[in-house]
Undergrad: 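First, the structure itself, so that you have it in front of you.
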Amino acid sequence: MSAEPFRIGLLGHGTVGSAFAGLLDERAGEIERVNGRRPVISGVLTRSRGSFEEVLDGADLIVELMGGTEPAREYLLAAMRAGCDVVSANKQLLSQHGEELFDLAREHGVLLRFEAAVAGAVPVVRLLEESLAATPIERIHGIVNGTTNFILSEMARGSTYAQALAEAQRLGYAEADPSDDVSGRDAAAKMAILARLAFGAPVHLEDVPYEGIEHLQSDDMEYARELGLGLKLIGTAERRDGGLSVRVYPAFLYAGHPLSSVSGPFNAVTVESEAITEITMSGPGAGGRQTASAVLGDVVSVMTGGARPPAPPLALRLLEDVPSAFYLHLDVADEPGVLAEVTRVLGEQGVSIKSVVQRGLGERARLVMVTHVVPESSLRAAIALLAQSDFVRSAPRTIRVIEEEFG
Ligand SMILES: NC(=O)c1ccc[n+]([C@@H]2O[C@H](COP(=O)([O-])OP(=O)(O)OC[C@H]3O[C@@H](n4cnc5c(N)ncnc54)[C@H](OP(=O)(O)O)[C@@H]3O)[C@@H](O)[C@H]2O)c1
């Protein structure tokens, strides 16, 4: 006698939901061969078909691929209260209501899997939850938004921001309203989820300061090339001075950093720890079939009794004033002594210079510098003083520089 099918209630049948249903159909036989039960979709809910109660009734697992926080939150809580395991790809939900969902999953002894909510097909959630569960993580750097990585890659090849965004929209990498991507908010949601997993601290989307890429100028890319740097939108979560810093910001990387070569609409995450030095994983961060493949991995994990929800959170202080090296772009009067004056103002705030590119522009000169690592507050104080100086001709621009290189 064959075993009962494994019944999956599917919430949402859009880009990812329909790709998931198709992939499940293709792979159900192989999953049954390995796990003994055949996964089947027992009910589907969309805006126009099905009811949640019918979909939940008799389901072994609820897979949520609707997006948005409500009613997705309400449905997942109801499913877990009914003793049903759940899988979700919903970063908004996990980054804003993760603790409530994890608490309820622990209380009811059910599984909550969410691999596809961060970095699409890149299995970073599993890496942190299972493979590195006993490894004290020091830092995670991630390129977790494919849209912005594509735009920055195009800008590095000479496009303006507007041209690169239009191309991303034409190719389907950017939505008609790209604001969550280009502002850094989408990446911030994913970094909140990763930080919770890596450091066990309750990090909420609203705790993650983020800067986007809208203000970047093509000439920043040109100078960066001269200085041997490439520009990425980076999410960082790191342990520092007994606290935790989680943030998203455009950053320059030297060629030796594993994320510097990640281009186009790809995602990649570097995990650093004393015991492992670093592990980098990269792959497609979005796309219906790619994301559905991560969702299907979660389904198989549930069928085989995979990892429990993360342990209750630890209290870790969130830090704001984080030291970094900085790229500094200044337009100044082309007069003798100006470079010395800039260096003096920076030096008085404890900011020292690692490299400089200087260009004459007629009456003005452009100074592009990379500083050594300084507290961000010192750099901001120096910038405020420079902005008031009579020899500075336009608002100074700064971008963080990540100095680590491996290998
Ligand atoms: N697309 C990607 O590449 C990607 C990558 C990683 C993660 N994700 C995540 O995957 C999830 C799904 O994304 P998607 O791109 O597949 O979205 P989508 O194409 O907009 O599909 C959403 C589906 O959910 C249904 N739905 C939405 N609100 C509903 C409601 N209130 N009640 C019932 N059904 C509702 C929609 O119903 P109708 O069909 O009736 O409109 C649709 O079938 C999101 O959490 C997203 O962040 C997506």
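Order of appearance sets the numbers: ligands from 1, and atoms from 1 within every ligand.
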Undergrad: Counting only heavy atoms, which portion of T291 has something under 4.0 Å from ligand 1: side chain, backbone, both, or neither?
TA: side chain

Undergrad: Nearest protein heavy atom to atom 25 (C) of ligand 1, by residue and atom, and its distance?
TA: G12 CA, 3.9 Å

Undergrad: I'd like to know if E274 and R239 make a salt bridge, using a cut-off of under 4.0 Å between side-chain N and carboxylate O.
TA: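 No.
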
Undergrad: How does Q290 reach ligand 1, by side chain, by backbone, by both or by neither, if only non-hydrogen atoms under 4.0 Å count?
TA: neither

Undergrad: Quick check on contacts: which atoms of ligand 1 are under 4.0 angstrom from a heavy atom of S48?
TA: 40 (O)

Undergrad: Considering distance alone, does some N or O of A116 sit under 3.5 Å from an N or O of ligand 1?
TA: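 No, there is no polar N/O contact under 3.5 Å.
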
Undergrad: What about T15: any of its N or O atoms under 3.5 Å from an N or O on ligand 1?
TA: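 So ligand 1 has an N or O lying under 3.5 Å from an N or O of T15.
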
Undergrad: Please write down residue, atom name and distance for the protein heavy atom closest to atom 40 (O) of ligand 1.
TA: R47 N, 3.0 Å

Undergrad: So if I count the atoms of ligand 1 from 1 in the order they appear, which ones are less than 4.0 Å from some heavy atom of G67?
TA: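 Numbered from 1, ligand 1 contributes 44 (C), 45 (O).
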
Undergrad: Less than 4.0 Å between a side-chain N and a carboxylate O, is that true for R225 and E222?
TA: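 The answer is no: the pair does not qualify as a salt bridge.
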
Undergrad: Thinking salt bridges, do D331 and R366 make one under a 4.0 Å N-O criterion?
TA: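 Result for this pair is yes, salt bridge flagged.
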
Undergrad: Looking at ligand 1, is there an atom of it that comes within less than 4.0 Å of some heavy atom belonging to G120?
TA: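 So G120 does not count as touching ligand 1.
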
Undergrad: Should A286 be counted as touching ligand 1, given the test is an N or O pair under 3.5 Å?
TA: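 No.
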
Undergrad: Is the closest basic N to carboxylate O distance between E129 and R126 below 4.0 Å?
TA: no

Undergrad: Heavy atoms only, cut-off 4.0 Å: how does P71 contact ligand 1, side chain, backbone, both, or neither?
TA: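 The part of P71 near ligand 1 is the side chain, not the backbone.
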
Undergrad: So does E26 have more than 12 non-hydrogen atoms from other groups sitting under 6.0 Å from CD?
TA: yes

Undergrad: Which of the atoms of ligand 1 are close to L65, meaning less than 4.0 Å from one of its heavy atoms?
TA: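 Heavy-atom distances to L65 below 4.0 Å select 12 (C), 22 (C), 23 (C), 24 (O).
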
Undergrad: Provide the number and element of each atom of ligand 1 under 4.0 Å from a heavy atom of K91.
TA: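 Going through ligand 1 atom by atom, the ones under 4.0 Å from K91 are 47 (O).
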
Undergrad: Could you give me the CA-CA distance, side-chain angles and deciding distance for D219 and R397, then say whether salt bridge (charged side-chain N to carboxylate O under 4.0 Å, His left out) is met?
TA: CA-CA 12 Å; D219 74 339; R397 300 206 302 266; 2.9 Å; yes

